[in-house]
Amino acid sequence: MIKEGQIVEIPSLSSIYIEDGSVFSSKKEELIQKLKKRNYNLFDGFLVGEHHGIGAFKLGQRKGINVGGKKAPLYVIGINKEANQLFVGEGDNHPGLFTDLIYFPIARTDFQNNESIENGSDVTIISSAFQFKINASIYIFDDILYLELEKPSSITLQNGLLEISFKNNNHTTIKIN
C-alpha cells in the first residue's frame with residue numbers, strides 16, 4: 001500500500017543555507033552540525049502538495065513532483081523516509097541542490113579496515129553520475145563515513161555508485177552503493 005505524504009518547499013533564502021560563523025571544538029562536531037542543517041522538516045518551509053509515495057523520488061529529480069504555479073521547476077532537495085516527506089526547492093540554482101558534505105554508514109561500503117584511514121586524508125571521488133573527479137577529505141566517526149568536498153557539488157552525487165581513491169595510495173578504493 002502506498003502511503004501519501006507531504007511535499008514541503010524550502011525557500012532558497014532560508015536561514016538553513018546561511019553560514020552562521022560557528023566555532024566548533026572538533027571536526028566531528030562541525031560535520032554533524034553541517035548535516036543537521038540539511039535535515040529538513042515541515043517548519044523549515046511550507047506545504048505545497050502531496051505525493052503518492054517517496055520510493056519513486058531521488059535527490060535532484062525534477063519530473064513527477066506535480067506541483068504547479070511556480071515561476072521555475074521544483075527539484076527534490078531532501079527526502080525524509082520516516083516522516084514520509086519530500087522536500088523541494090524552486091529553480092535549478094536552489095542552494096539545496098548543492099552540498100559540500102555527504103555521508104554514509106560505513107556498512108554501506110566495501111571498506112572494512114577503517115582504522116587505517118587518517119581523518120582528513122585527501123581523496124578523489126569518482127561517481128557513476130558524473131564524468132569528472134571530485135576532490136574531498138575523508139573522515140570516519142562512529143561508523144559514519146563523511147566526505148567533505150573541496151567545492152560544492154550536486155546532491156545527485158549521492159544517487160549513484162561512488163568510488164573513493166586515496167591520493168597517497170592508489171591501491172586503496174572504497175565503493176559506496
>> Please report the interatomic distance CG(Asn135) to CD(Glu148), rounded to the nearest 0.5 Å.
In response: 13.0 Å
> Can you find a pair of side-chain heavy atoms, one from Leu162 and one from Phe104, that are under 4.5 Å apart?
Replying inline: yes
> Is it true that a side-chain atom of Gln61 and a backbone atom of Lys63 form a donor plus acceptor pair closer than 3.5 Å?
Replying inline: yes
> Of the options Leu101, Ile102, Ile140, which is the one that meets Tyr146 in a side-chain contact (heavy atoms from CB on, under 4.5 Å)?
Replying inline: Leu101
> Taking all non-hydrogen atoms of both residues, which atom of Leu97 and which atom of Gly60 are closest, and how far apart?
Replying inline: CD2-CA, 4.0 Å
>> A quick test of your reading: do over 12 heavy atoms of other residues, nucleotides or ligands sit less than 6.0 Å from NZ of Lys70?
In response: yes
>> Using the rule that Ile, Leu, Val, Met, Phe, Trp and Tyr join whenever any side-chain heavy atoms are under 4.5 Å apart, tell me whether Ile32 and Phe24 fall into a single cluster.
In response: no
>> Using a 6.0 Å cut-off, check whether atom CD1 of Ile18 has over 12 heavy atoms from anything other than its own residue.
In response: yes
> Which heavy atom in Ile125 sits nearest to a heavy atom in Ala136, and how many Å separate them?
Replying inline: CD1-CB, 3.8 Å
>> Using the rule side-chain contact (heavy atoms from CB on, under 4.5 Å), only one of Ile77, Leu157, Ile155 pairs with Leu59; which is it?
In response: Ile155
> Is the shortest heavy-atom distance from the side chain of Leu86 to the side chain of Val8 under 4.5 Å?
Replying inline: no
>> Using every non-hydrogen atom in the two residues, find where Pro95 and Ser12 come nearest and quote the distance to one decimal.
In response: CG-O, 3.5 Å
> Got a second to check how far Lys133's NZ is from Ser127's OG, nearest 0.5 Å?
Replying inline: 13.5 Å
> CG of Asn66 to CG of Leu74: how many Å apart, nearest 0.5 Å?
Replying inline: 10.5 Å
>> Which label fits Phe57 and His51: parallel for a plane angle under 30°, tilted from 30 to 60°, or perpendicular past 60°?
In response: perpendicular
> Quick one: which of Lys37, Lys34, Arg38 gives a salt bridge (Lys or Arg N to Asp or Glu O under 4.0 Å) with Asp100?
Replying inline: Lys34
> Would the number of heavy atoms belonging to other residues, nucleotides or ligands and lying under 6.0 Å from CZ of Phe46 be above 12?
Replying inline: yes
> Taking the inter-plane angle between the rings of His94 and Tyr17 on a 0 to 90° scale, is it parallel (under 30°), tilted (30 to 60°) or perpendicular (over 60°)?
Replying inline: perpendicular
> Can you find a pair of side-chain heavy atoms, one from Phe87 and one from Asn80, that are under 4.5 Å apart?
Replying inline: yes
>> Using side-chain heavy atoms (C-beta onward) and a distance below 4.5 Å, is Asp122 in contact with Glu150?
In response: no
> With a 4.5 Å heavy-atom cut-off, do Ile54 and Lys81 have their side chains touching?
Replying inline: yes
> Does the side chain of Lys27 come within less than 4.5 Å of Asn119's, by heavy atoms?
Replying inline: no
> So how far is it from Leu147 CG to Leu31 CG, rounded to the nearest 0.5 Å?
Replying inline: 10.0 Å
> Is a side-chain N or O of Asn41 found less than 3.5 angstrom from the main chain of Phe43, in a donor-acceptor match?
Replying inline: yes
> Which atom pair, heavy atoms only, marks the closest approach of Pro152 to Phe98?
Replying inline: CB-CB, 4.3 Å
>> Quick check: closest heavy atoms across Ser153 and Leu149, and the distance to 0.1 Å?
In response: CB-CD1, 3.7 Å
>> Within this structure, what is the CD1-NZ distance for the pair Ile79 and Lys58, rounded to the nearest 0.5 Å?
In response: 9.5 Å
>> Count I, L, V, M, F, W, Y as connected when their side-chain heavy atoms are under 4.5 Å apart, and connections chain through other members. Are Val76 and Ile16 then in the same cluster?
In response: yes
>> Any side-chain to backbone donor/acceptor pair from Glu90 onto Ala72? Under 3.5 Å, distance only.
In response: yes
>> Quick one: does any side-chain atom of Asn84 pair with a main-chain N or O of Gly53 as donor and acceptor, under 3.5 Å?
In response: no
> Should Ile144 and Tyr139 be regarded as members of a common hydrophobic cluster, given that ILVMFWY residues are connected when their side-chain heavy atoms come within less than 4.5 Å of each other, either directly or indirectly?
Replying inline: yes
> Hey, are Asp92 and Arg62 close enough for a salt bridge, meaning a charged N less than 4.0 Å from a carboxylate O?
Replying inline: no
> Does the side chain of Val67 come within less than 4.5 Å of Val88's, by heavy atoms?
Replying inline: no
